[in-house]
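Have a look at the structure below before the remarks.
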Amino acid sequence: MTPKPKIGYKNPFSAMLEGISAVFKKQEKAGEIKEEDRLEGKTVLVDGASSGLGFAVALEMARRGARVIMACRSGIPEKGEAVKRRTGNHDVEMIRVDFADFTSVKNLIAIIREKYAPLDIVISNAAMVPRRSRKTPQGLEEMFMVNYLSKFIFINGLIRENCLRKDGSHIPRIIIVSSESHRHPPAFDWENFGVFMDYGMGKTVEYYGYYKLLLTTYAAELSRRLNHNSSAPVSVFALCPGPVNSGIAREAPGLFQPLMKLVFALFFKSPEKAAEPVVYFATSADIEGKAFDYLFKMSRKEIDEKAADETNGAKLWRLSEDIILTLSGPPSSDLTG
Ligand SMILES: NC(=O)c1ccc[n+]([C@@H]2O[C@H](COP(=O)([O-])OP(=O)(O)OC[C@H]3O[C@@H](n4cnc5c(N)ncnc54)[C@H](OP(=O)(O)O)[C@@H]3O)[C@@H](O)[C@H]2O)c1
């Protein structure tokens, strides 16, 4: 029997209304994006860069002079070519990855280690909202894998394989694109962690928020594990871009598509504008050495207290490692070691 989720309910319609109201919320800015904060000499990896926010971020990173690695499932090579053409920066590479597939994520880590490391900035952006739950090649629930577990595997793998710059010239930055929807679930459902859930369209938004809660909890725990001394050897930043006029709802039923496209186009921000918090985290000198930070659009906020809780962070880490163990065998070393 399929276990019942205990993660609160938000339907796609209420999520859309909440998105509209978020657009009109005025908030104090955490800082300024400065034209002089350039990225020459830095290597930036951005995943999910074939469309929407990720593509806009890849453009801006290239425009600022970075070497850009776009890890994508689709759009190869045309999206990378478009970045080169539009920015005049030809130091742009694409790597194919399917974050639903454990083997593909492991291959991505190996390719980066062999060809592109060290990375200065890692932007973990890819996500999806499926029409209904589906199984990955390894039998996990697809949105759980793409929106949460693959990020745990990928980022931890990069760190374990020494893919981040460590020459002391500056502190590497890991930037995790989450969502304010991480605040919606009333509690963690530890009993059913990683269990395949059978759900349809009415529940996808609820699970989307739940996986963003897992992701934000992971971001906070990762920062604690990496930065247990007072100095920060790696900065971990998380953010919600606010509502973006992107194709994130592309799997919604055809009947709703015209209304959604209209609402997205009228009220939601362009990917370029929505990319501001990512660009700020990637470029700002003002946050150099900060262990952790979270932005909702361009304003600083505390993450949800469930996500900030150390016990939850430790439990999430252990349970995630347990799943990976069943997929692959034990990790070669502890991140804190
Ligand atoms: N849109 C919003 O209103 C909103 C609000 C808050 C947060 N966010 C977050 O912003 C981030 C970017 O979303 P977006 O709005 O820009 O949506 P998007 O245009 O749909 O971009 C999502 C990206 O993720 C990639 N992706 C999906 N599944 C993948 C897989 N299995 N393997 C590899 N790549 C995969 C997509 O690749 P394909 O092109 O191959 O599908 C695409 O490049 C996400 O983390 C999202 O949760 C969005």
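In listed order, ligands and their atoms are each counted from 1.
Among protein heavy atoms, the minimum distance from atom 20 (O) of ligand 1 is reached at R250 NH2, 2.6 Å. For atom 11 (C) of ligand 1, the nearest protein heavy atom (residue, atom name, distance) is N125 OD1, 3.1 Å. Here the heavy atom of the protein found nearest to atom 46 (C) of ligand 1 is Y208 OH, 3.4 Å. Ranking the protein heavy atoms by distance from atom 23 (C) of ligand 1 puts G48 O, 3.6 Å first. In terms of protein heavy-atom proximity, atom 21 (O) of ligand 1 is closest to S51 OG, 3.4 Å. When hydrogens are left out, the protein atom nearest atom 41 (O) of ligand 1 is R73 NH2, 2.6 Å; that is the closest non-hydrogen contact. Closest to atom 10 (O) of ligand 1, if we only count protein heavy atoms, is V177 CG1, 3.4 Å. Shortest contact from atom 22 (C) of ligand 1 to any protein heavy atom: A127 O, 3.5 Å.
For the residue pair Y199 / E141, a side-chain donor-acceptor distance below 3.5 Å is found, with atom types taken as modelled.
Ligand 1 is never approached by M145 to a heavy-atom distance shorter than 4.0 Å. Taking a 4.0 Å cut-off on heavy atoms, S178 registers as neighbouring ligand 1.
Side-chain atoms of I323 and L149, non-hydrogen and from C-beta on, do get closer than 4.5 Å to each other.
Using a 4.0 Å cut-off between charged side-chain N and carboxylate O, D309 and K306 make no salt bridge.
The option from C72, G242, A249, S124 that lies nearest to atom 5 (C) of ligand 1, judged by heavy atoms, is G242.
Under the side chain to side chain contact (heavy atoms under 4.5 Å, CB included) criterion, R86 pairs with F55, L59, sequence neighbours left out. S74 meets the side chain to side chain donor-acceptor pair (under 3.5 Å) test with no other residue; sequence neighbours excluded.
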Determine, step by step, whether H182 and Y294 satisfy the ring-ring contact (aromatic ring centres under 6.0 Å, His included) criterion, reporting the C-alpha distance in whole Å, the side-chain angles of both residues, the deciding distance to 0.1 Å, and the verdict.
CA-CA 12 Å; H182 83 270; Y294 177 85; 5.6 Å; yes
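Figure legend: cation-pi geometry between K135 and F196, with NZ or CZ positioned under 6.0 Å from the six-membered ring centre and within 45° of its axis.
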